[in-house]
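Here's the structure, in structure tokens; my notes come after.
For this chain, numbers begin at 1 and follow the sequence in order.
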Amino acid sequence: MKRILLVEDEKNLARFIELELHHEGYEIKVAYDGRDGLQYALDENWDVILLDLMLPKLNGLEVCRRIRQEKDTPIIMITARDSIMDRVSGLDHGADDYIVKPFAIEELLARLRAIFRRMELQGSKATPLTTYTFRDLVVEKESRMVKKGDQVIELTKREYDLLLTLLENKNIVMTRDALLNKVWGYESEVETNVVDVYIRYLRNKVDTENEDSYIQTVRGTGYVMRE
């Protein structure tokens, strides 16, 4: 069953969309403001996010931008504003599609089907998975799946990219600058200490208490996953 997150502050419209999508066989969850919507989007896995542009607490463009920093979930922007600049701005912030209120539910369903067809087409062309193993940690590169034994570990996009970079350079000490450039990009304005913060996030998720960390600190230099 496809899972859809709807972020819409107009409760009557949200209820209508929720009932229609449920009737079509989708699992749907509703958030009524931008902050809750962002939290749900980052905390759980969704097949599509339906995101209103004008939201209380945090507007839809900012929610979209923050989601895109962490996840590649398809996003359809929903708004009453139909100017070219609004549509361009939504797409520039990472939205995959745009639908303008008022709309017929058939149009929304068609847009959802189009997104799912694209996803299935991409999946059918997928190459064999590249798998990295380190002790009992397994990472499937293309599917972005991280498992420790039988347990799936949920990582944000940055955490995953950092872990993958360390695995792809196993036994090589990576400096903070090198990790920053690989994971955040050469044009990033973040400080190098953000690497230390995300290493701590990673360790909290993958390490086991009273066991050696998967990621070793090389004092004064950086980090390494060393066998």
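- Cation-pi contact between Arg203 and Tyr214: absent, since separation from the ring centre below 6.0 Å together with deviation from the ring axis within 45° is not met.
- Residue Leu6 holds its CG atom at 5.0 Å from CD1 of Ile17, rounded to the nearest 0.5 Å.
- Taking hydrophobic clusters as Ile, Leu, Val, Met, Phe, Trp and Tyr residues chained together by side-chain heavy-atom distances below 4.5 Å, Val224 does not share a cluster with Val183.
- Taken to the nearest 0.5 Å, the CG atom of Leu108 stands 9.5 Å off from the CZ atom of Arg113.
- Between Tyr198 and Trp184, the ring-plane angle classifies as perpendicular under the 30° and 60° cut-offs.
- Here Lys57 contributes atom NZ and Asp36 contributes atom CG; the two are 6.0 Å apart, rounded to the nearest 0.5 Å.
- With Leu155 as the partner, the side-chain contact (heavy atoms from CB on, under 4.5 Å) test is satisfied by one option alone out of Leu162, Val146, Leu164, Asp161: Val146.
- Geometrically, Lys11 engages Tyr32 in a cation-pi contact, judged by NZ or CZ lying under 6.0 Å from the ring centre and within 45° of the ring axis.
- The pair Arg111-Asp97 counts as a salt bridge, with a side-chain nitrogen and a carboxylate oxygen less than 4.0 angstrom apart.
- Each of Glu62, Glu70, Gln69 was checked for a side chain to side chain donor-acceptor pair (under 3.5 Å) with Arg66, and the lone residue meeting it is Glu62.
- Annotation for Gln216: atom CD counts as buried by contact number, over 12 foreign heavy atoms lying within 6.0 Å.
- A cation-pi geometry, defined here as NZ or CZ lying under 6.0 Å from the six-membered ring centre and within 45° of its normal, does not hold between Lys170 and Tyr132.
- With a 6.0 Å radius and a threshold of 12 heavy atoms from other residues, nucleotides or ligands, Asp212 has its CG atom at or below the threshold.
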